[in-house]
Every structure is written in structure tokens, then in C-alpha cells.
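Read the structure below first, then the notes.
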Amino acid sequence: MEGDEVSAPASAESSQDGLNRATWARTVLEFVTEGWADRGELAMLLDLSDEFRGRSILDIGVGAGRTVPLIRLMTRDYIALDYTAEMVQLCADRYPDVDVRHDDARTLSTVPDDSIELVMFSANGIDAVGHEDRQEVLNSVHRVLRPGGVFAFSTLNRDGAFFGATPADAPDTPWVPGSLRPRSTSIEQQQASDDDDLPWIRAVRNWRRLRSRTQDHGEWAIGPFAAHEFSLLVHFITLSGARRELAERGFVLEKIYQCDDAHPLVGASTNALYFHVVARVATIPA
Ligand SMILES: C[S@@+](CC[C@H](N)C(=O)[O-])C[C@H]1O[C@@H](n2cnc3c(N)ncnc32)[C@H](O)[C@@H]1O
């Protein structure tokens, strides 16, 4: 385990960051799973696996390590990192032979320039930071990728039903039943004993507290997110917005996988709840 001091940039978005990081720290045991999250993620990994077999892969926002066994099917040249200390500790305990670092996606201070061939940021982790800080994430990922390298991540859709959802109408997640290994009974028991309140009441209370912080800028937005009983304030983006921001940061968007579909998206828009993006570092024509 490396990099105990995380240097998050000071910014006006730090209160959003503080809120989300406190939620991750509190819910760390919910992330003790293995397996793919949804059909789109599995399809994307299968498509990437030939190109990146045996190559250097950086797994940002690894959490408790769900993606560790999946990505190590592709390579042993693997670095995982997360900015939530509790997640880093748990992941390192579960996978003692993995290089798990405490680092922030906005700086990637422990990762050298041009050193990685595939960067992954799964489960909409990129959406935890605000819009300006998201540009820092894209800049840092671009810095550590080798020319022609790929950034694969998932992101919440501004045109999907999670944006603007309330506790009364929030959609279910599209996780594939059985694709995630169940948690152990002891963890479930521990969580049950920690719960002294009804989830519904917590969700309504959190949503009321966060909804006034909603911002809608058309191609992107900030708003409460239904996960963890509405205790996250997250970024949403449209497909056209994602294409634009990636181009501005030196990436070419190659493929989109909707969360609930095993085939790459054909078309210029989607109302999926979230989508997976495969973006490649743009090369300058000779
Ligand atoms: C939804 S959890 C997903 C965890 C894991 N990838 C999984 O699929 O189970 C998102 C993770 O991203 C991490 N994260 C969010 N923003 C981050 C940042 N700026 N730098 C590093 N990690 C971050 C959080 O701490 C959290 O562990």
C-alpha cells in the first residue's frame, strides 16, 4: 500500500467532495463484492481484453476491490488506487499481493507520466467530483496514459432517469442478478446492527437536504443520486457532453456501452441510466 497522504486540490467543490467521501467511508463494507456490475461493463471488458492482455492497467476508484479479479484476468501489470482511506485498507487486506495506492484521480500523484496503457474508473466513480474537478481527472488520466492508450469509465447520464429522481420514483440499478458475488453473512449482520433508522426515512431526509444543490447546465448537471439513500451529490453528463469534454482534453470517444445492453451503442444519444465510455488518447497526424 503506497501514498498515505492524499493531496486533493483545494477547490470550491470541496464540500461536494467531503460529502461524497464521507459516504464512501461509511459504506465501505457494501463494496465487498466480486464480479461485473452490469451487461455493458462485461461487454466492454470482453472487448478490451484482447488489446490489453498483459499490458499496464491502472484501476482508479477501486473501492474494496470488486474489479481486482476481473482486471487481473487480463494482466498482472496492475495498479489500483482510491482516495478513500477505508477503501484502500480493505482492498489491500483482501488482495495483499496487489499494488493498492491511496491517491486522488485529480492528481494521480503516485503515477508517472506516460506509464499506463489502460486506465479504468468503474461504477461512476468519476461522477463523485464536481465539473471543474472532473476536468482535472481527465487531464491527469491523459498525463499518465501512453500515446494511443485508453481511458474506460462509466458515467451517470444527464438524460437518464437517475437525474432528477426522488425517493418515490428512483429507478432500480441494472445490475445483473448473480453477476456479483454475495457479501458474507457477518457483514450483512454488522450492517443490520448499524441500522437504527429506516432506509426510506434516511433517503427522504437526505434528498430534501441535497435537492437545493441541483444545477442543470444542459449537457451536464449536478444533483442528488439515489445510491446509499441519496447521500451522494454527483455529476451527470449527456452523451454529447461526454464527447465534447473528452475531445477538449485530447481524447477520441471510440465506443459507448449502455449499462443494460451487451452491444455497443449505435446512435448519437441514449437514455440509459449510465453508460460506459471507451476513449483513446488522440494521436497527432504525421
Ligand atoms: C461507487 S464506488 C465503486 C468502487 C469499485 N470500483 C466498485 O465498483 O465496487 C466509487 C469509488 O471511487 C472512489 N473515488 C471517487 N472519487 C475519487 C477520486 N477523485 N480519486 C480516487 N478515488 C475516487 C470512491 O472512494 C469509491 O471507492
Side-chain angles (χ1 to χ4, degrees), residues 2-11 13-14 16-38 40-42 44-45 57-72 78-92 94-95 98 100-111 119-141 144 151-156 162 173-176 179-183 187 225-228 231-235 259 273-274 276:
E2 291 187 14
D4 266 337
E5 290 302 313
V6 171
S7 53
S11 84
E13 296 167 342
S14 57
Q16 176 183 345
D17 196 41
L19 177 87
N20 292 336
R21 217 188 299 202
T23 295
W24 304 132
R26 188 170 42 77
T27 59
V28 61
L29 293 177
E30 293 181 27
F31 291 90
V32 183
T33 56
E34 290 179 355
W36 64 89
D38 55 68
E41 183 182 72
L42 178 59
M44 180 181 77
L45 287 169
I57 303 184
L58 171 65
D59 188 1
I60 303 177
V62 68
R66 174 183 68 86
T67 48
V68 171
L70 278 181
I71 297 176
R72 288 203 303 179
Y78 173 69
I79 300 168
L81 64 86
D82 203 288
Y83 76 167
T84 303
E86 291 81 353
M87 294 285 194
V88 174
Q89 189 61 58
L90 186 50
C91 186
R94 292 178 79 199
Y95 303 103
V98 168
V100 189
R101 303 179 182 186
H102 191 202
D103 200 352
D104 191 308
R106 291 164 287 192
T107 54
L108 296 179
S109 58
T110 64
V111 188
V119 173
M120 303 210 47
F121 201 164
S122 65
N124 308 314
I126 193 174
D127 299 326
V129 297
H131 191 67
E132 287 173 22
D133 287 4
R134 183 182 181 92
Q135 310 315 307
E136 295 306 310
V137 174
L138 295 175
N139 287 339
S140 294
V141 170
V144 304
F151 183 30
F153 63 100
S154 61
T155 190
L156 286 157
F162 273 135
T173 61
W175 290 336
V176 182
S179 68
L180 292 173
R181 277 199 211 171
R183 294 187 298 257
I187 287 169
F225 179 38
H228 307 295
S231 59
L232 295 169
L233 187 66
V234 299
H235 189 279
C259 56
L273 295 171
Y274 59 94
H276 302 270

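In listed order, ligands and their atoms are each counted from 1.
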Item to check | Contact residues of ligand 1, where a non-hydrogen atom lies under 4.0 Å away | outcome: Trp24, Phe31, Gly61, Val62, Gly63, Arg66, Asp82, Tyr83, Thr84, Met87, Asp103, Asp104, Ala105, Phe121, Ser122, Ala123, Gly125, Ala128, Val129

Checklist entry - Hey, does the side chain of Asp38 reach the backbone of Trp175 with a donor-acceptor pair shorter than 3.5 angstrom? => result no

Item to check | Reference residue Ile60; test side chain to side chain contact (heavy atoms under 4.5 Å, CB included); the match among Leu108, Asp82, Asp104 | outcome: Leu108

Checklist entry - Between atom OG1 of Thr155 and atom CZ of Arg134, what is the distance when rounded to the nearest 0.5 Å? => result 4.0 Å

Next on the checklist: Measuring from atom NE2 of His102 to atom CG of Leu81, what distance do you get when rounded to the nearest 0.5 angstrom?
Outcome noted: 9.5 Å

Checklist entry - With Ser231, which residues qualify under side-chain contact (heavy atoms from CB on, under 4.5 Å), at least two apart? => result Thr23, Arg26, Asn206, His228

Checklist entry - Using the ring of each side chain (for Trp, its six-membered ring), is His276 parallel, tilted or perpendicular to Tyr274, with breaks at 30° and 60°? => result perpendicular

